[in-house]
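Let me begin by presenting the structure, written as structure tokens, before commenting on it.
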Number of protein chains: 2
Amino acid sequence: MNSEFTIAVHSLIYLAYLPDHMASSETIAKNVSTNPARIRKIMGCLRKNGLVKTKEGIGGGYILECDPETATLAQVLRSVSYGSLKPNWCTGNPEEACPISSGTQAVMDQVFRDAESHLEKYLDQITLRSVLEKIKQTR
Amino acid sequence: MNSEFTIAVHSLIYLAYLPDHMASSETIAKNVSTNPARIRKIMGCLRKNGLVKTKEGIGGGYILECDPETATLAQVLRSVSYGSLKPNWCTGNPEEACPISSGTQAVMDQVFRDAESHLEKYLDQITLRSVLEKIKQTR
DNA sequence: ATTACTGTAATATTATTATTTACAGTTTAG
DNA sequence: CTAAACTGTAAATAATAATATTACAGTAAT
């Protein structure tokens, strides 16, 4: 898993935290500690999934488009990191006669897919609001 | 997650599949499609956790030291990839005054730790035997 | 029209993964 | 007792993936 999921959650939490629920890619990038282009790319995914809205042009930026009370980390995961649990390196060789060498990868792929859907179930219980509350309490 | 978990599972399945449950690092590496040094490193982790036994010297190699019927993928995960769900890149900056920038990482770390223990619970239901059976059926 | 934004892609940089090589230590066989 | 076939481990290198930088066209406000 790369960091896009974490960045997406961080950005959404940040928007939820701001009084007007809005910020530019540059402001978000500073808060997250990354660069604006990366934020824009990730926000694009969140926009396609209805979690944020874009306002282009001067004074524009990103606006939270979901209710932190009901939006869950699973929605965020699906938006930016679908299928990212499985490593991209593959074991074995499909051409081999040995069933272990040729067949293990497919079975492991299934294991990872199932694992990811379990992960989703867990993340479905975590709302943006609950994360925000935990952050506030941590201080 | 890097591929060590998949390689470890593949290696164990391969040993379980062999009549004498034994093979050298070179043989395993060929089956997995990687190099012997990597296999030896991973097998070292599995040995420390009692999943395989090493036989050094001529005619040596690795021997399965667990019952495929009861050994689970969770044991393998714990042996080789503990804490690997969380990405190593971190968002935010602990020095910042903004609670979101300084506090999100710690909360996300907790989310990943919990997610990993959920993952473990799922993998605890999958035995080496069941993976081996699936591979055999796939043909 | 100019300014301040987003969307997107190409390129560069850095970090992580994986491979290769090497060698000391161990056991078996002759 | 010595050579051969293994493991254990680490260092060096190569390959790949993640991240950052740069650039520029498109859009909306002033």
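Please read all numbers here as calculations on a predicted model, not as lab measurements. In what follows, chains are A, B, ... by sequence order, proteins preceding strands, each numbered from 1.
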A:Glu4 with A:Lys41: basic N within carboxylate O range, under 4.0 Å:
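Between A:Lys41 and A:Glu4 there is a salt bridge, with a charged N closer than 4.0 Å to a carboxylate O.
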
B/S/- along nucleotides 24-30 of chain C (protein heavy atoms under 4.0 Å) is --BBB--

Within this structure, what is the [atom1]-to-[atom2] distance between [X] and [N], rounded to whole angstrom?
{"X": "A:Phe5", "N": "D:dA18", "atom1": "CZ", "atom2": "P", "answer": "16 Å"}
{"X": "A:Ile63", "N": "D:dA28", "atom1": "CD1", "atom2": "C1'", "answer": "13 Å"}
{"X": "A:Lys48", "N": "C:dT6", "atom1": "NZ", "atom2": "P", "answer": "16 Å"}
{"X": "A:Glu4", "N": "D:dA20", "atom1": "CD", "atom2": "P", "answer": "11 Å"}
{"X": "A:Glu26", "N": "D:dA20", "atom1": "CD", "atom2": "P", "answer": "15 Å"}
{"X": "A:Ile42", "N": "C:dT8", "atom1": "CD1", "atom2": "P", "answer": "14 Å"}
{"X": "A:Met43", "N": "C:dC5", "atom1": "CE", "atom2": "C1'", "answer": "14 Å"}

Going by atom types alone, do B:Gln75 and B:Arg78 pair a side-chain donor with an acceptor below 3.5 Å?
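No, no side-chain donor-acceptor pair sits under 3.5 Å.
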
Are any side-chain N or O atoms of A:Ser102 and backbone N or O atoms of A:Pro94, one a donor and one an acceptor, separated by less than 3.5 Å?
no

Tell me which residues in residues 13-25 of chain B lie within less than 4.0 Å of DNA chain D, going by non-hydrogen atoms.
B:Ser24, B:Ser25

Using a cut-off of less than 4.0 Å, is there contact between a side-chain N or O of B:Asn88 and OP1 or OP2 of C:dA15?
no

Under-4.0 Å side-chain N/O to phosphate OP1/OP2 contact, B:Ser3 with C:dA18:
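Yes, such a contact exists.
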
For B:Asn35 and for A:Lys41, find the nucleotide of DNA chain C with the closest heavy atom, then tell me which residue's nucleotide is more 5'.
A:Lys41

Side chain to side chain donor-acceptor pair (under 3.5 Å) for A:Ser3 and A:Thr6? Distances and angles first, verdict last.
CA-CA 5 Å; A:Ser3 318; A:Thr6 311; 5.8 Å; no

By nearest atom, which of the nucleotides [options] is closest to the [X] side chain?
{"X": "A:Thr54", "options": "D:dG8, C:dT6, D:dA10", "value": "C:dT6"}
{"X": "B:Arg38", "options": "D:dT19, C:dG7, C:dA18", "value": "C:dA18"}
{"X": "A:Arg47", "options": "D:dG8, C:dT8, D:dA17", "value": "C:dT8"}
{"X": "B:Trp89", "options": "D:dA20, C:dA9, D:dT9", "value": "D:dA20"}

How would you label the contact of B:Arg40 with the nucleic acid (heavy atoms, under 4.0 Å): base, sugar-phosphate, or nothing?
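Answer is base: heavy atoms of B:Arg40 come under 4.0 Å of a base.
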
